[in-house]
Undergrad: 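After the structure tokens below, expect a handful of questions from me.
Computation of the quantities below employed the complete heavy-atom set of this structure, encompassing side-chain atoms and omitting hydrogens, waters and symmetry-equivalent molecules. Reminder, nothing fancy here: chain letters follow the sequence lines and each chain counts from 1.
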2 protein chains.
Amino acid sequence: MARLIDVAARAGVSKSTVSNVIRGTALVAEETRRKVERAIAETGYRPNAIARSLQARSGNALGVIVPDLTNPFFAQLVVGVERAAATSGQAVLTAHTECTPAAELAAAYAFLERRVDAVVIGGLSIGASLPGLLMDHGMPVVLAGLGGIEDPRPGVVDHDTAAAMEAVVRHLYGLGHRRLGFLAHGLREIAGEGRRLAFEAALARRGLVAVASEAAATALVAHDDMHAIAAIDRLERAGRRVPEDVSVTGYDDVPLAAHGRIRLTTVRADGVEMGRRATEMAIAAARHGRSAGQRESAGESRRIILPSPLIVRASTAAPRRDRGTGA
Amino acid sequence: MARLIDVAARAGVSKSTVSNVIRGTALVAEETRRKVERAIAETGYRPNAIARSLQARSGNALGVIVPDLTNPFFAQLVVGVERAAATSGQAVLTAHTECTPAAELAAAYAFLERRVDAVVIGGLSIGASLPGLLMDHGMPVVLAGLGGIEDPRPGVVDHDTAAAMEAVVRHLYGLGHRRLGFLAHGLREIAGEGRRLAFEAALARRGLVAVASEAAATALVAHDDMHAIAAIDRLERAGRRVPEDVSVTGYDDVPLAAHGRIRLTTVRADGVEMGRRATEMAIAAARHGRSAGQRESAGESRRIILPSPLIVRASTAAPRRDRGTGA
DNA sequence: ATGAAAGCGCTAACAC
DNA sequence: GTGTTAGCGCTTTCAT
């Protein structure tokens, strides 16, 4: 592919002049500009972003980490990230890790080596070292929807998980459920863990404790919509009707949750918005060359809490009298 | 972040020596190696992939273009691409274009400028100039699941769309349907267009023509599963039962299609496999520095046709006698 | 076995 | 207005 110097030679000018017309900085005589533009068109020249990045000491890209692209919530998150990134000309490198520490490590090193400007983390294995590793190298990090993390350095965009789970439990409790179970994420993901804790706290406030066996529960609170939807299928294949025999709730409000054949009661989470906000925060942090969590004097906030309303649909109902109301 | 030269200084050796231990090429004395490794650990040094790329004249990355990441089929395609890319240490740049020519162009230029080694295209607007643009710049391109394209240069991984649609129509026709309609993609996407053509050809073979109005049809063939699933919802909200009043078919066999409450009759497409095969082809093409479509003397094939079996579930049934059997 | 030096394609000072 | 030059952080001959 043609280089700057090839264009310069063809136009009969120097590299700097070509560079100047390309970037629109500095004044260039009208005639010279025209010659250069013709040379560019004739050679099909495209600036080499790698050389630019080397010089700029910035990869001009963002990294995103998600556990599973196939889950619509994470797909939406990535869409939000891409839109926001495109706005500032950043490319986005995606890594989906399936919450395996090995993949997380590999992603961290890849991002570090490619000198991305910041990384947005949408999901992590429980106890992951990734954010610390990244931040120790001076990489700005923002956590999107992960629930509480002890480290104060990363930026955070999240829900009030405690409030959301309280609303779910209140709804179910109000319906008469007393035997509630939690559907854990197969991926052992950190957000799911936070939701489980919040769920159990809400239960404890009512003197209840989570039932361990799916069979014994009259209501199942799933970590996210995809698991809730899968649970409905599993339960119904086993002969238990939802919501007549068991109530099921989700989390995320993926588009499908509203489908007439699913009608899932769930907590709404706007993945696209979350991705967008997280990305804006990440870009701002990169621009100021420091951890996303550190507050800017101008007053940008380091933690954004998005609303997470409970959406009641038809996957929850009062328990059957013969089993649901007992202690 | 520490540079090669910092590590060298700290270890008291030259840049070349550090470079040699990092890449494992060339012999290095045991003691020297140890000193260097300590210096690397102490500085937290990570090689700058940008500088490497500049020198290697390769971005060491692949581009993927999808119309909509939120559609599980494309998400799976990307997953397949990422897995295959990770295997050879390539990063992947994702662009989802929503089939808008502007976004497609932007993605093409971004990929060109970042010097990706090849691009995998999972979806395109009808009449898009993107593949040509890329290939004119010498960029290897492979088309995944797009249906027929005239240009012989790109590599292709696809189904036999004609056979798949013939199977769908045969199934519906066998059930007694005579008034079949096609559910077009809102995105005006090229693959959907190919499926529509194949559908109409299968109809024509039976002396039938597609019915234009959704209301008049006894069977609706959707461009993909997500549209089929949305159609089921729409139809049922309008008071028409599926499959009792209308049959609906999809394409892709996304995980949800098998759900007990959906049970969609559809054509199976393995997105992950498609992404994997396309990526292997793209990488091979990049390695040989030419269009993915050009056959390698060793006999790598330039077109891979994956199986696309019809999966019959419960969204299709015989039409009601009072409307379905008329001509 | 190790080091010196050139160069990848660009940008940014600065000189003219 | 335009050209020259010195890097950006690596890899890669080629000496030693």
Undergrad: Are there more than 12 heavy atoms of other residues, nucleotides or ligands under 6.0 Å from atom CD of A:E30?
TA: yes

Undergrad: Find the distance B:R46:CZ to D:dC10:P and express it as a whole number of Å.
TA: 12 Å

Undergrad: In whole angstrom, what separates A:N20's CG from C:dT11's C1'?
TA: 10 Å

Undergrad: How close do A:I65 and A:A107 get, heavy atom to heavy atom, and via which atoms?
TA: CD1-CB, 4.1 Å

Undergrad: Write down the distance between CD1 (B:I22) and P (D:dC10), rounded to a whole number of angstrom.
TA: 8 Å

Undergrad: OP1 or OP2 of C:dC10 versus the side-chain N and O atoms of A:R52: is any pair under 4.0 Å?
TA: no

Undergrad: What does A:T32 touch in the nucleic acid at a heavy-atom separation under 4.0 angstrom: a base, only the sugar-phosphate, or nothing?
TA: sugar-phosphate

Undergrad: D:dG9 C1' sits how many Å from B:Y45 OH, rounded?
TA: 7 Å

Undergrad: In terms of the nearest nucleotide of DNA chain C, which residue is placed more toward the 5' end: B:R57 or B:L27?
TA: B:L27

Undergrad: Any donor-acceptor pair under 3.5 Å joining the side chain of A:Q55 to the base of C:dG9?
TA: no

Undergrad: Look at the side chain of B:V28 and decide which nucleotide, out of C:dT11, D:dT11, C:dT2, has an atom nearest to it.
TA: C:dT2

Undergrad: Using a heavy-atom cut-off of under 4.0 Å over every strand shown, decide if B:R23 touches base, sugar-phosphate, or nothing.
TA: base

Undergrad: D:dT5 C1' sits how many Å from A:I5 CD1, rounded?
TA: 13 Å

Undergrad: May I ask you to evaluate whether A:S19 reaches the phosphate of C:dT11, defined as a side-chain N or O under 4.0 Å from OP1 or OP2?
TA: yes

Undergrad: Nearest whole angstrom, please: distance from the P of D:dT2 to the CD of A:E30.
TA: 11 Å

Undergrad: Give the rounded distance in Å between these two atoms: CG of A:N60 and C1' of D:dC8.
TA: 15 Å

Undergrad: Please report, rounded to the nearest Å, how far the P atom of C:dA4 is from the CG atom of B:L4.
TA: 14 Å

Undergrad: Strictly by modelled atom types, are A:N48 and B:E113 linked by a side-chain donor-acceptor pair under 3.5 Å?
TA: no

Undergrad: Can you check whether A:M1 reaches A:T43 side chain to side chain, under 4.5 Å on heavy atoms?
TA: no

Undergrad: side-chain contact (heavy atoms from CB on, under 4.5 Å) between A:D117 and A:I283: does it pass, once the steps are laid out?
TA: CA-CA 7 Å; A:D117 298 337; A:I283 291 177; over 6 Å; no

Undergrad: Does a side-chain N or O of B:T17 approach OP1 or OP2 of C:dA1 to a distance below 4.0 Å, or not?
TA: no

Undergrad: Determine: side-chain N/O of B:S16 to OP1/OP2 of C:dT2, distance under 4.0 Å, yes or no.
TA: no

